**Q** 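Have a look at this one before I ask anything.
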Amino acid sequence: MNDAPGELGFVHGASWLHRLSPIPKLAWLTSVVVFAFVSFNAAILASIVIVGLVLATSAGILAHAVRALALLAPLAAAILLLQSIAPAVCGGACTPVASLGPLTIYEEGVARGLTFVLRILAMETAAILVLQTTHPSDLFAALARLRVPYLLNVMIALTLRLVPVLQREVRIVLAAQRSRGMRGTGLAAVVPALVPVFAGTVDRVGQLAISLESRGFGASGPRTSYRRIGFSTRDLVLAVTGVAAGIAAVVATIALGPTASPAFVVPAGAAVALVAAALVVFAGSLVRAAMAIGRA
């Protein structure tokens with residue numbers, strides 16, 4: 001199966017992050033995800049995003065990472081908008097800071113909405129760094145070395161490999177439709193493109209099943225792989241450091257309670273600008289969806 005780069009797919013490169021063993025990267029990813037789930041400290045979450053972008057720059061994948069981050073822009077806009085105008089963090093006694101037409105913007109809602117968005121960005125940035133700098137086969141071998149159940153490992157690996165391939169095939173079919181004078185954009189173009197893509201997927205799955213059977217998938221006995229994952233002393237130190245940092249951060253956040261997540265106030269002007277921007281992004285996504293449906 002050929003590599004097909006997509007927004008979340010592997011990006012070829014020779015940077016230090018590409019050469020790093022997947023195991024310490026998985027350790028740090030796990031720590032970041034767990035910490036982001038329990039933390040409401042906007043400053044730390046924002047720092048994780050900034051560090052992630054710096055690492056992406058050093059690995060030469062910043063443009064790819066930014067495009068992947070942009071995929072969740074409508075979701076982030078919806079979260080910020082809903083939290084700002086209908087917050088649930090102050091029991092109905094929220095502090096209004098401004099009005100945007102018929103909408104009232106609340107101070108606590110903007111702060112909590114930003115925190116939720118930063119949570120998503122922190123987890124997404126860490127995941128993108130791992131996915132775009134780790135070859136899927138290396139990731140499969142690393143998970144196998146970590147004793148991840150074989151069936152689950154195969155499902156993860158196949159998902160990471162097939163999704164970019166399907167994205168590429170949809171683009172190829174849409175380009176073929178445009179070359180024949182058919183509609184090549186919008187929902188009206190995607191729907192007829194799904195038929196050849198689905199047919200190709202069925203054929204690909206059949207070939208994959210035969211390939212797996214020929215390699216003894218499902219048979220008992222020890223598993224082998226031609227991919228060998230190096231794991232040096234440096235990798236061990238980085239992995240242990242990542243796990244230890246994640247455990248310490250989570251324990252400290254839980255132990256300190258509210259003091260671990262200091263409240264912050266967004267100035268009224270900045271709050272209005274943020275909510276207005278979120279409203280534009282969210283409304284824009286709805287308009288594009290409605291136009292696509294209307295053209296169908």
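Residues: numbered from 1 along the sequence shown. Only a predicted model underlies this, so the values are computations on that prediction, with no experimental measurement involved.
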**Q** Can you list the other members of the hydrophobic cluster that holds Tyr106, where links are side-chain heavy atoms under 4.5 angstrom apart?
**A**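 Joined to Tyr106, directly or through intermediates: none.
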**Q** Passes side chain to side chain contact (heavy atoms under 4.5 Å, CB included), Val275 versus Leu81? Steps please.
**A** CA-CA 6 Å; Val275 175; Leu81 182 62; 3.8 Å; yes
**Q** From Ser39 OG over to Leu256 CG, what is the distance, rounded to the nearest 0.5 angstrom?
**A**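 Those atoms lie 10.5 Å apart.
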**Q** Answer yes or no: is there a side-chain heavy-atom contact under 4.5 Å between His18 and Phe10?
**A**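 Side-chain contact under 4.5 Å: yes.
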**Q** When rounded to the nearest 0.5 angstrom, what is the spacing between OG1 in Thr253 and CZ in Phe37?
**A**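 Output value for this atom pair is 14.5 Å.
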**Q** Under the side chain to side chain contact (heavy atoms under 4.5 Å, CB included) rule, what do Leu121 and Leu45 come out as? Steps first, then yes or no, please.
**A** CA-CA 8 Å; Leu121 286 176; Leu45 294 173; over 6 Å; no
**Q** Indicate the atoms forming the closest heavy-atom contact of Val38 with Arg119, along with that distance.
**A**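 What the structure gives for the nearest pair is C-NH2, 3.9 Å.
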**Q** Rounded to the nearest 0.5 Å, how far does CG of Leu131 lie from CG of Leu29?
**A**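 Separation between the atoms: 8.0 Å.
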**Q** Report the residues that fulfil side-chain hydrogen bond (donor to acceptor under 3.5 Å, both in side chains) with Thr104, sequence neighbours left out, ordered by chain and then residue number.
**A**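 Counting only residues at least two positions away or on another chain, Thr104 forms no side-chain hydrogen bond (donor to acceptor under 3.5 Å, both in side chains).
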**Q** Mind listing the closest non-hydrogen atom pair of Val97 and Ala271 along with its distance?
**A**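 Smallest heavy-atom distance, with atoms named: CG2-CB, 4.3 Å.
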**Q** Answer yes or no: is there a side-chain heavy-atom contact under 4.5 Å between Ile79 and Ile120?
**A**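 In contact.
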**Q** If you take all heavy atoms of Ala36 and Met123, which pair is closest and at what distance?
**A**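 Looking at all heavy atoms of both residues, the shortest contact is CB-CG, 3.5 Å.
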**Q** Other hydrophobic cluster members with Val243, side-chain heavy atoms of Ile/Leu/Val/Met/Phe/Trp/Tyr under 4.5 Å, chained?
**A**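 Val243 shares its hydrophobic cluster with Ile247, Val251.
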**Q** Treating Ile, Leu, Val, Met, Phe, Trp and Tyr as nodes and any side-chain heavy-atom pair under 4.5 angstrom as an edge, say whether Phe282 and Leu82 lie in one connected cluster.
**A**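 No, separate clusters.
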**Q** Suppose we screen for side-chain hydrogen bond (donor to acceptor under 3.5 Å, both in side chains). Which residues come up paired with Thr233, at least two apart in sequence or across chains?
**A**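 None.
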**Q** Is a donor on one side and an acceptor on the other found under 3.5 Å between the side chain of Gln83 and the backbone of Leu114?
**A**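 Not at all, since once roles are kept as given, no pair shorter than 3.5 Å links the two residues.
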**Q** Would you give me the side-chain donor-acceptor pairs under 3.5 Å for residues 53-61, sequence neighbours excluded?
**A**
residue : atom : partner : partner atom : Å
Thr57   : OG1  : Leu53   : O            : 2.9
Ser58   : OG   : Trp16   : NE1          : 3.1
Ser58   : OG   : Leu55   : O            : 2.7

**Q** With distance as the sole test, does Arg112 use its side chain to make a donor-acceptor pair with the main-chain N or O of Val110 at under 3.5 Å?
**A**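 Checking the backbone N and O of Val110 against the side chain of Arg112, no donor-acceptor pair under 3.5 Å is found.
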**Q** Tell me, please, which residues at least two apart from Ala42 pass side chain to side chain contact (heavy atoms under 4.5 Å, CB included).
**A**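 Only Thr115, Leu118, Phe264 meet the side chain to side chain contact (heavy atoms under 4.5 Å, CB included) criterion with Ala42.
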**Q** Is there a side-chain contact between Ile48 and Thr125 (heavy atoms, below 4.5 Å)?
**A**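 Of all side-chain heavy-atom pairs linking Thr125 with Ile48, none is under 4.5 Å.
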**Q** Is any side-chain heavy atom of Lys25 closer than 4.5 Å to a side-chain heavy atom of Leu20?
**A**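 Counting from C-beta outward, Lys25 and Leu20 do come under 4.5 Å.
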**Q** Which heavy atom of Ala126 sits nearest to which heavy atom of Val32, and what is that distance?
**A**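 Distance-wise, the nearest heavy atoms are CB-CG1, 3.8 Å.
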**Q** Is there a chain of hydrophobic side chains (I, L, V, M, F, W, Y, each step under 4.5 Å between heavy atoms) that links Ile23 to Val237?
**A**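 As far as the 4.5 Å side-chain criterion goes, Val237 and Ile23 are not connected within one cluster.
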**Q** Atom CG of Asp138 and atom CG of Leu143: how far apart are they, to the nearest 0.5 Å?
**A**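 If we round to the nearest 0.5 Å, Asp138:CG and Leu143:CG are 11.0 Å apart.
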**Q** How far does OG1 of Thr241 sit from CG of Leu236, to the nearest 0.5 angstrom?
**A**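 Here the interatomic distance stands at 8.5 Å.
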**Q** From Leu75 CG over to Glu124 CD, what is the distance, rounded to the nearest 0.5 angstrom?
**A**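 Between Leu75 CG and Glu124 CD, I get 9.0 Å after rounding to 0.5 Å.
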**Q** If you define the side chain from C-beta out and look only at heavy atoms, does anything of Ile128 sit under 4.5 Å from Leu69?
**A**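 Of all side-chain heavy-atom pairs linking Leu69 with Ile128, at least one is under 4.5 Å.
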**Q** So, do Trp28 and Leu129 sit near enough that their side-chain heavy atoms are less than 4.5 Å apart?
**A**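 SC-SC contact between Trp28 and Leu129 ruled out.
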**Q** Verify, without hydrogens or angle tests, whether Thr134 (side chain) and Leu139 (backbone) share a donor-acceptor contact under 3.5 angstrom.
**A**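 Not a single qualifying donor-acceptor pair exists.
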**Q** Where do Ala73 and Val281 come nearest, in terms of heavy atoms and distance?
**A**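 In this case the closest contact between Ala73 and Val281 is O-CG1, 4.0 Å.
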**Q** What about Leu26 and Val240, same hydrophobic cluster or not, with Ile/Leu/Val/Met/Phe/Trp/Tyr joined at side-chain heavy-atom distances under 4.5 Å?
**A**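 Both belong to a single hydrophobic cluster.
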**Q** Might you point out which heavy atoms bring Pro74 and Ala70 nearest each other, and give the distance in Å?
**A**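 Between these two residues, the closest heavy atoms are CD-O, 4.2 Å.
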